[in-house]
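As the structure lists them, so they are numbered: ligands from 1, and atoms in each ligand from 1.
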Amino acid sequence: MSKADVIVGIQWGDEGKGKIVDKLAQEYDMVCRSQGGHNAGHTIWVDGKRYALHLIPSGILNPKAINIIGNGVVLNPDSIIKEMEQFDNLEGRIFISDKAHLNLPYHSLIDMARERLKGDAAIGTTGKGIGPAYADKINRVGHRADELLDPKTLSKNILNYFAQNKVIFEALEVEVPNEAELLEQLEYYNQKLGKFIANTTNMVWEAIEDGKKILLEGAQGTMLDIDHGTYPYVTSSATVSAGACTGLGISPKDIGVVTGIVKAYTTRVGNGPFPTEDFTEAGETMADVGKEVGTTTGRGRRCGWFDAVAVRYASRLNGCDQLSLMKLDVLDGFETIKICVAYEVDGKVIDYVPSNMENIKPIYEDIAGWDSVVGCREFDQLPQTAKQYIQRIEELTKTKVGIISTSPEREDTIIR
Ligand code: GDP
Ligand code: IMO
Ligand code: MG
């Protein structure tokens, strides 16, 4: 018997999960996604070549690992078909849960229409139909991957769904699909994806029983979690480690080491509260040096200082055994680095994350910066002040920093 280790985003996504999953995948037999959809954008750099993954797990660059897309994922067929084109011989290397819900082109149209209607209150979604696809699943009107195996019936069911929701679609100006085109599209999906659809619950159970090493790759981040994030400015899935259990069909007892991925500063893409956002030159430098542009939408990411209150909260929610501190090199050259140690809300100082994160004033501590850590591969090579920054993060978040990343490249990683 083995346990499944978890990689989970601790901030608002884009922490560098893809890099760490790819790095660690060399030692794993199976890498699984359990939630989210093609809103995720995980970037991997190996020997100067860039890979951008949205639905395919970041274990794909390790030829030995089997990659699973679990039942908790919302699967956009066009997106995964396009992504698969980057790789050869995927048969037997990727499996899609027969229970994964489909995220079809109309979900994205609904998503974008809702965002338009919200105006100033828009969430700033990726426009990929994630909310509407999960809403259909919870409303019990969604369609699952195994239905792709019978395109004729699925096509009929989708047209029935449109008939039942006619009023809503008219209000949102979402057109009813043309019957012949819909069937043709579903037949194409079946032809491209049919052979990858499997009972992945059984596959994961067997792997656990056979003592195989399993890595679960989170998407998005804890502060975007549907329950524990900055609601309503969140995504529509359980992004915390516990979500990986329902999203794959394993029990809490099957979970092993939980590693929280966290940037040495903070970024957020889309709207919503961000207490440590920095609107000065410092924030601009983080954006420039960190190349903070979204992998999925190309939007610029908002940048700010490390928020130890939010990270402590996220570490507790996920049961993190350790943190992996990413992009430490992006802070190279800063004379002083700020770290948020508490919040002020309505004149009162608090040390926890409240349910409403609007109107928080961050309370900072200043820490001395360093010249350069870029490309460091040994902890002892790090400047003293960088070590002090790491130690302060450990104290404030009550979590050990077990991994430190000093460039986008796989090998520029310190494992303590
Ligand atoms: P994910 O969604 O959590 O997988 O993260 P993204 O891939 O969306 O964003 C992280 C970005 O930071 C990617 O472009 C990575 O190549 C890059 N990156 C990861 N680790 C490091 C690091 O230690 N230093 C620098 N400079 N870039 C990094
Ligand atoms: P990875 O896996 C960062 C954000 C969107 C928006 C909110 C809701 O690459 O870390 P959605 O389309 O999910 O309904 O949008 O969530 N968002 C992400 N931000 N990284 C992601 O994924 C994200 N996936 C969704 O920008 O604010
Ligand atoms: Mg990303």
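If you number the atoms of ligand 1 from 1 as listed, the ones under 4.0 Å from a heavy atom of M326 come out as 20 (N).
Not close to ligand 2: G221, with no non-hydrogen atom less than 4.0 angstrom away.
Of all the heavy atoms of L224, the ones lying under 4.0 Å from any atom of ligand 2 belong exclusively to the side chain. With a 4.0 Å heavy-atom cut-off, ligand 1 is reached by the backbone of S407 but not by any atom from C-beta on. Using a 4.0 Å cut-off between heavy atoms, K327 contacts ligand 1 through both its backbone and its side chain.
Checking only distances, D329 does come within under 3.5 Å of ligand 1, N or O to N or O. Ligand 1 has a nitrogen or oxygen under 3.5 angstrom from a nitrogen or oxygen of K17. Where the criterion is an N or O separation shorter than 3.5 Å, residue side chain and backbone included, L328 fails it with respect to ligand 1.
Rounded to 10°, the angle formed at the Mg ion (ligand 3) by D14 OD1 and G41 O is 160°.
Shortest contact from atom 22 (O) of ligand 2 to any protein heavy atom: Q220 NE2, 3.5 Å. Closest to atom 3 (C) of ligand 2 among all protein heavy atoms lies D14 OD2, 3.2 Å.
Annotation: K387, atom NZ; neighbour count of heavy atoms from other residues, nucleotides and ligands within 6.0 Å is above 12.
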